[in-house]
**Q** 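Sharing a structure here in structure tokens format.
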Protein chains: 2
Amino acid sequence: MDTKTQNRLDAKARIIKAMAHPTRLFIVETLAKHEHCVCELTAMIGADVSTVSKHLSILRGAGIIDDEKRGSLVYYQLKMPCVLGFFSCVDTVIKANAQGQLKCIR
Amino acid sequence: MDTKTQNRLDAKARIIKAMAHPTRLFIVETLAKHEHCVCELTAMIGADVSTVSKHLSILRGAGIIDDEKRGSLVYYQLKMPCVLGFFSCVDTVIKANAQGQLKCIR
DNA sequence: CTCCTATTTGGCAATATCGCCAAATCGCCA
DNA sequence: TGGCGATTTGGCGATATTGCCAAATAGGAG
């Protein structure tokens, strides 16, 4: 594997890793409906504000979401809706795994 | 966030996490072309066989790839080609990030 | 049966991630 | 200007991931 491929895959993995966490998936799915401020997301998630803020920072760093300060609140919105298409593929994988399990039991 | 949502997102995150590594992305992209045995993948990747075997095990555990023993070799193949669609979205994100960078410089 | 090759598994040290607390910013508004 | 609420950042212990080596396993060939 040459260096160029290595770098390309590193970049790709960094983006994917940004989504590889339940809380961050929740954030992406929630922002897919419409924008939310940090305080709203924090209330929905039920973790410390600093924790939520760091998750948002990771998603923003990956370029998946965007922030916009309005007054004293910071609103986040989904910048790359194409990731939702991926999520449906993941659901397909989960369903296929479950059906594979069933087949083994019978 | 209720328990049901939590479990659903945990399962989703586990699948995504399985792909959140450069080497595993390489494996998925390589198997997308055609199947390969562990020894071939190991040669291409240039890491220890045990390392490659563990990466393959993670992808298999996630239900993304499938294995098939033929003689003394184990051949792996891509089971869920829909993940490739996700990769193109990731490339879009990377491209958008790069263009955002450029805009800031000018 | 025994050797040999391909692959997997166990274990360990290095590194990265996670979530909370405390502290620092930052912009409003009195 | 001073205080306040919203958000971010620093730091720390706990936990998870990673990659290598060594050892175990599995199967075919002699």
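Residue numbers start from 1 in every chain, and the chains themselves are labelled A, B, ... in the order their sequence lines are given, proteins ahead of strands. Since we're looking at a predicted model, the values are computed, not measured.
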**Q** Between C1' on C/dT25 and CG on A/Asp67, what's the gap in Å once rounded to a whole number?
**A** 15 Å
**Q** With rounding to the nearest 0.5 Å, note down the distance linking CZ in B/Arg60 to OG in B/Ser53.
**A** 7.5 Å
**Q** Between the main-chain N or O of B/Cys37 and the side-chain N or O of B/Glu40, is there a donor-acceptor pair closer than 3.5 Å?
**A** yes
**Q** Could you check how far OH of A/Tyr75 sits from P of D/dT7, rounded to whole Å?
**A** 8 Å
**Q** Just call it for B/Ser53: base, sugar-phosphate, or nothing, with non-hydrogen atoms closer than 4.0 Å on any strand.
**A** base
**Q** Can you tell me which nucleotide in C/dG19, D/dA26, D/dA6 comes closest to the side chain of A/Thr51?
**A** C/dG19
**Q** Nearest whole angstrom, please: distance from the C1' of D/dT18 to the CD1 of B/Ile27.
**A** 13 Å
**Q** Between B/Phe86 and A/Phe86, how do the two ring planes meet: parallel, tilted or perpendicular, split at 30° and 60°?
**A** parallel
**Q** What is the separation between atom NE2 on B/His55 and atom C1' on C/dT9, rounded to the nearest whole Å?
**A** 15 Å
**Q** Give the rounded distance in Å between these two atoms: CG of A/Asp48 and P of D/dG13.
**A** 18 Å
**Q** Rounded to whole angstroms, how far apart are CG on A/Leu73 and P on C/dC29?
**A** 11 Å
**Q** Between C1' on C/dG19 and CD1 on A/Ile58, what's the gap in Å once rounded to a whole number?
**A** 11 Å
**Q** Any non-hydrogen side-chain atom of A/His36 less than 4.5 Å from a side-chain atom of A/His34?
**A** yes
**Q** Can any side-chain N or O of A/Arg24 pair as donor or acceptor with the backbone N or O of B/Ala13 at less than 3.5 Å?
**A** no
**Q** Strictly below 4.0 Å: does B/Arg70 bring a side-chain N or O up to OP1 or OP2 of C/dA6?
**A** no
**Q** Both A/Ser72 and B/Leu56 contact DNA chain C. Which one's nearest nucleotide lies toward the 5' end?
**A** B/Leu56
**Q** Which nucleotide wins on minimum distance to the side chain of B/Val49, given the candidates D/dT18, C/dT7, C/dC20?
**A** C/dT7
**Q** Using heavy-atom distances to pick each residue's nearest nucleotide on DNA chain D, tell me which of A/Lys17 and A/Val52 is more 5'.
**A** A/Val52
**Q** Determine: side-chain N/O of B/Tyr76 to OP1/OP2 of C/dT8, distance under 4.0 Å, yes or no.
**A** yes
**Q** Can you find a side chain N or O atom of B/His21 that sits less than 4.0 Å from OP1 or OP2 on D/dG19?
**A** yes
**Q** Roughly, in whole Å, what's the span from CD1 in B/Ile45 to P in D/dT18?
**A** 13 Å
**Q** Which of the following nucleotides, C/dT7, D/dT8, D/dC20, is nearest to the side chain of A/Val74?
**A** D/dT8
**Q** Taking 4.0 Å as the cut-off, does a side-chain nitrogen or oxygen of B/Ser50 come that near to OP1 or OP2 on C/dT8?
**A** no
**Q** Could you identify the nucleotide paired to C/dA30, looking across every strand shown and requiring Watson-Crick or G-U wobble geometry with both distances under 3.5 Å?
**A** D/dT1
**Q** Closest approach to the side chain of B/Lys54, judged atom by atom: which nucleotide of D/dT7, D/dT18, C/dT9 is it?
**A** C/dT9
